[in-house]
Amino acid sequence: MASPKSKDSSMPEKELPPGRRDGSNAKPRPRPVRRTSRYGPAEVHEIFRRFSVQRPEPKGELEHVNAFTLLVAVVLSAQATDAGVNKATRALFKAADTPRKMLALGEAKVGDYIRTIGLWRNKAKNVIALSEALIRDHGGEVPDNRDQLVKLPGVGRKTANVVLNMAFGQHTMAVDTHIFRIGNRLGLAPGKTPEQVEQGLLKIIPDEYMRHAHHWLILHGRYVCKARKPDCPACVIADICKAEEKTTSIPAPLVPIAPLDPVDEVQSQG
């Protein structure tokens with residue numbers, strides 16, 4: 001029996017793919033995004049304990065009189081400031097604070113009220129369409145169920161979570177741009193999508209703080225941990241914070257603060 005042919009040593013070596021030193025070492029893969037919080041349970045508890053001392057009863061800054069007007073205000077707030085929405089809806093909600101009254105106004109009249117808000121034409125259509133859906137499918141009442149809420153025109157997961165939390169007291173986490181930034185910047189609940197950040201926060205925030213957690217994070221992101229330049233000297237959790245860009249580890253005095261008046265709100269958002 002003939003022996004197997006030996007490899008011809010004179011054969012040219014295979015050309016290796018670019019980026020490899022030899023046939024076994026592949027290109028280095030990008031480092032995966034951390035999916036777990038950088039904070040232990042005691043640190044998370046202390047963060048939200050301080051937020052609770054600073055703002056014992058945080059309020060959403062969108063003005064409303066019931067669950068329906070809250071739902072409408074949140075729908076209108078997409079790509080708009082709360083102050084701008086409040087300015088437009090004060091007169092609107094005096095004229096229509098129920099789905100039936102809103103439907104009676106009609107799309108054109110609703111549009112007149114909210115003309116100062118970005119994307120007002122499409123938003124006027126959504127307000128009328130969701131009013132029709134509430135009357136047709138829910139007897140004119142706002143449902144307290146996320147699956148039902150997200151089926152309404154103009155209502156996404158974030159909007160549903162805001163309504164469930166503020167109108168019905170449910171422990172939801174509405175991830176807006178501020179909360180998404182904080183979740184990733186601090187490493188509190190890293191994620192590539194708002195839903196990943198949402199799920200991360202729901203896992204780590206103690207139940208005793210969930211009722212107001214989304215408001216505390218929004219207000220912290222809006223007025224302290226700002227997008228362009230965090231105001232670290234004003235931060236009550238500066239000593240706990242693990243953000244790479246923080247400028248101090250000395251926390252601000254932990255004292256209750258009064259809600260900002262409307263003038264201050266407009267200036268802070270500008």
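Keep in mind that what you see is a predicted model, and the values were worked out from it rather than measured.
- The shortest non-hydrogen separation linking V155 to A160 is CG1-N, 4.1 Å.
- If you take CZ on F68 and CZ on F93, they are separated by 7.5 Å, rounding to the nearest 0.5 Å.
- P230 is not listed as a side-chain neighbour of T247, based on a closest heavy-atom distance of 4.5 Å or more.
- To the nearest 0.5 Å, the span separating NZ on K94 from OG1 on T89 amounts to 11.0 Å.
- Looking only at side-chain heavy atoms (C-beta outward), L201 and I179 come within less than 4.5 Å of each other.
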Check: residues 127-140 side-chain donor-acceptor pairs under 3.5 Å, at least two apart:
residue, atom, partner, partner atom, Å
S131, OG, V127, O, 2.7

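- V236 and V224 fall into different hydrophobic clusters, where Ile, Leu, Val, Met, Phe, Trp and Tyr residues are linked whenever their side-chain heavy atoms come under 4.5 Å apart, directly or through other members.
- Here T172 contributes atom OG1 and L164 contributes atom CG; the two are 5.5 Å apart, rounded to the nearest 0.5 Å.
- For residues 196-212, the pairs satisfying salt bridge (charged side-chain N to carboxylate O under 4.0 Å, His left out) are R157-E198, with sequence neighbours left out.
- The distance from atom CD1 of I257 to atom CD of Q54, rounded to the nearest 0.5 Å, is 4.0 Å.
- For the atom pair SG (C232) and CD1 (I237), the distance works out to 10.0 Å, reported to the nearest 0.5 Å.
- H64 pairs by the ring pair (Phe, Tyr, Trp, His ring centres under 6.0 Å) definition with nothing, not counting sequence neighbours.
- The list of salt bridge (charged side-chain N to carboxylate O under 4.0 Å, His left out) pairs with a residue in residues 42-59, not counting sequence neighbours, reads E43-K242, E46-R49, E46-R50, R50-D239.
- In terms of the ring pair (Phe, Tyr, Trp, His ring centres under 6.0 Å) criterion, residue partners of H45 (sequence neighbours excluded) are, by chain and number, Y209.
- For the ring pair (Phe, Tyr, Trp, His ring centres under 6.0 Å) test, residues two or more places apart in sequence or in another chain that qualify with F48 are F51.
- Linking ILVMFWY side-chain heavy atoms closer than 4.5 Å, directly or via other members, places W216 and L202 in a single hydrophobic cluster.
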Inset, instruction - Take R222 and E61, measure what side-chain contact (heavy atoms from CB on, under 4.5 Å) needs, and give me the verdict at the end. - result: CA-CA 11 Å; R222 181 174 291 169; E61 295 177 343; 2.3 Å; yes
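- Here A174 pairs with K158, N161, V162, H214 under the side-chain contact (heavy atoms from CB on, under 4.5 Å) rule; sequence neighbours left out.
- Under the 4.5 Å side-chain contact rule for hydrophobic residues, M210 and V163 do not share a cluster.
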Inset, instruction - Given side-chain contact (heavy atoms from CB on, under 4.5 Å), test V85 with V74 step by step and report yes or no. - result: CA-CA 9 Å; V85 172; V74 180; over 6 Å; no
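- The salt bridge (charged side-chain N to carboxylate O under 4.0 Å, His left out) pairs that include a residue from residues 244-258 are R185-E245, where partners are two or more places apart or lie in different chains.
- Nearest heavy atom pair, residue I117 against residue A88, reads CD1-CB, 3.6 Å.
- Closest non-hydrogen pair, P251 versus S249, comes out as CD-O, 3.5 Å.
- The side-chain heavy atoms of I47 and L186, taken from C-beta on, include no pair separated by under 4.5 Å.
- The side-chain contact (heavy atoms from CB on, under 4.5 Å) check on A124 picks up E107, V110, I114, with sequence neighbours excluded.
- L254 is connected to V44 through a chain of hydrophobic side-chain contacts under 4.5 Å among Ile, Leu, Val, Met, Phe, Trp and Tyr, so both are in one cluster.
- No side-chain donor-acceptor contact under 3.5 Å links R90 to the backbone of E63.
- With sequence neighbours left out, the side-chain contact (heavy atoms from CB on, under 4.5 Å) criterion links K101 to A96, D97, T98.
- The shortest side-chain heavy-atom distance between V142 and L149 falls under the 4.5 Å cut-off.
- Closest approach of K226 and Y223 over heavy atoms only: CE-O, 3.2 Å.
- Within the structure, the salt bridge (charged side-chain N to carboxylate O under 4.0 Å, His left out) test picks out the following pairs touching residues 112-124 (sequence neighbours left out): D112-R115.
- Residues V75 and V175 do not share a hydrophobic cluster, clusters being chains of Ile/Leu/Val/Met/Phe/Trp/Tyr side chains in contact below 4.5 Å.
- The minimum heavy-atom distance linking V197 with F180 is given by the pair CG2-CD1, 3.6 Å.
- Put simply, the side chain of N165 never gets that close to the backbone of M173: no donor and acceptor are under 3.5 Å apart.
- With contacts defined as side-chain heavy-atom distances shorter than 4.5 Å, the pair T159/L152 does not qualify.
- With sequence neighbours left out, W120 forms a ring pair (Phe, Tyr, Trp, His ring centres under 6.0 Å) with no residue at all.
- Residues M166 and L62 fail the side-chain proximity criterion, which asks for heavy atoms closer than 4.5 Å.
- Rounding to the nearest 0.5 Å gives a distance of 4.0 Å between CG of N66 and OG1 of T69.
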